[in-house]
Every structure is written in C-alpha cells, then in structure tokens.
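Counting convention: from 1, in listed order, for ligands and their atoms alike. Small disclaimer: the values here were computed from a predicted structure and weren't measured.
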Amino acid sequence: MLNRPGKLRVAVLVSGGGTNLQAILDARGTVIQNAEIVLVVSSQPGAFALERARLAGIPSVTLSKKELGGQGAFEAALAKALEESSVDLIVLAGFLTILSADFTRRYERRIINIHPSLIPAFCGKGYYGLQAHEAALARGVKVTGATVHYVNEIPDGGEILLQKAVPVLPGDTPQILQRRVMEQAEWILLPQAIQQIAAERLNEKC
Ligand code: GRF
C-alpha cells in the first residue's frame, strides 16, 4: 500500500476557499505526525485554496473537467498527477467534482471525504455545501456535525472513520451553522483522520 516507509504521502483535492486544506496544513507537526502533504489539486481555476498551497510551498495543479473535455480526461489527468507524486492517500476537502465508480474502485480505501452532517442524515446526492445545513435547519434537528468517511461509488456511502457532533442553536442560519460545523468539527476531524490512517498504515508496514 505505502510507496515507501516513512510518512504517508497525501494529496488534498479542493474546489474553493480551502479552509479545510488550511486546517490540514496547520496541523502538520502537531496532530499530523506521520503524513506529509505532497500535492494540492484544484478542480477550479483561481480557487483561493491554490494560494494557500503556494504560501505553504506545496506543489499544486488545476484540473478542470470542463477544460479537459469531460470526466474521462479529467480522471486520467488526476490519476497521472497522483501517480507522479507517489500519493498514498487522497483527501477530498471541499472538492466539488464527483469521482466515477471506476476511479473510486481503483483507489479503494485510499480516498477520504469530509461531509458537513452526521451521516446518514442529510447526505448523498445533492447534499453539498450549504444544502446539508439548510436541510438540518428545515428538519429542526438540535444536533448536527461532520463526518469523515472513505469514498466509494455511493455518494457519502463509504465506511465512516470519524464523526463529531455540533449543536444547532436558536437563530441559526445555514451560513452560521456551516461556520460552526467547520470550526467545531470539520477542521478538527480531517487532520485527525489523516493521522489515524497514517499511523495505522505505518504500523501495517512494521
Ligand atoms: C464547506 O461547505 C464545508 O462544509 C464543506 O466544504 C466547504 C468548505 O470548503 N465540507 P473549503 O475547505 O473552505 O474549501
């Protein structure tokens, strides 16, 4: 599984502002001890996440499905970039391009995602960004949160790795709730999940 002994080599896939990417970068040397971030891939030209990668000195590449001419070309280019950087683990951090079943099977148990709800609530096709929070508020739940899970061919359907609950408070808007879930759950869970996987896989090597 690992390319070589030592640190797990991680690629972070992004589409937007990159606050989850920043949380991962900031956790290097503290929460994250056994992994290194070797590549950032953005599906969105000009995403601020690319600037965060640049400031941290992490190589990055932009791969736009539209510009590459479709899903097949996009995934071929993504696989090539991942192989060239000898990536062990792929982290979807606010990444908005759907990956095909062919791709997720090829990287079985090597892709994780952060979803802004307590799966199986408010997840699956169509629930991304603010939509999970809008649905949570519409249903009137008093607790929501975030989930880190392995990615398979079912949207938000892979094995759950970590979850953290966050309260829903009176007066919450989708935006306020999104921010609380990011601060109190997403930015904490994602670095923890990376370290957990890195530690497990390094133990397997021993
Ligand atoms: C937020 O919608 C968050 O809930 C979801 O990704 C978005 C954050 O994106 N998981 P980013 O990490 O700031 O790019």
Q | Heavy-atom nearest option to atom 14 (O) of ligand 1, drawn from Gly94, Ser15, Gly18, Ala23 | A | Gly18

Q | Flag for Asn152-Glu108: side-chain donor and acceptor within less than 3.5 Å | A | no

What's the shortest distance from [atom] to any protein heavy atom, and which residue and atom give it?
atom                    : result
atom 12 (O) of ligand 1 : Asn20 N, 2.9 Å
atom 1 (C) of ligand 1  : Gln178 NE2, 3.6 Å
atom 3 (C) of ligand 1  : Glu186 OE1, 3.2 Å
atom 13 (O) of ligand 1 : Thr19 OG1, 2.6 Å

Q: Mark up the atoms of ligand 1 that fall under 4.0 Å of a heavy atom belonging to Gly129, in ascending order.
A: 2 (O)

Q) Does Arg180 reach the side chain of Asp172, with side-chain heavy atoms less than 4.5 Å apart? A) yes

Q.
Please check: side-chain N/O of Gln163 versus main-chain N/O of Ile119, any donor-acceptor pairing under 3.5 Å?
A. yes

Q. Looking only at heavy atoms, is any part of His115 under 4.0 Å from ligand 1, and if so is it the side chain, the backbone, or both, or is it neither?
A. neither

(Q) Is there a continuous path of hydrophobic side-chain contacts, each under 4.5 Å between heavy atoms, that joins Met182 to Leu21? (A) no

Q: Before signing off on this row, confirm whether His133 and ligand 1 have an N or O atom pair separated by under 3.5 Å.
A: no

Q | Over 12 foreign heavy atoms within 6.0 Å of OH, Tyr128 | A | no

Q.
I'd like to know if Arg54 pairs up with Glu51 as an ion pair, taking the criterion as any Lys NZ or Arg NE/NH1/NH2 lying under 4.0 Å from an Asp or Glu carboxylate oxygen.
A. yes

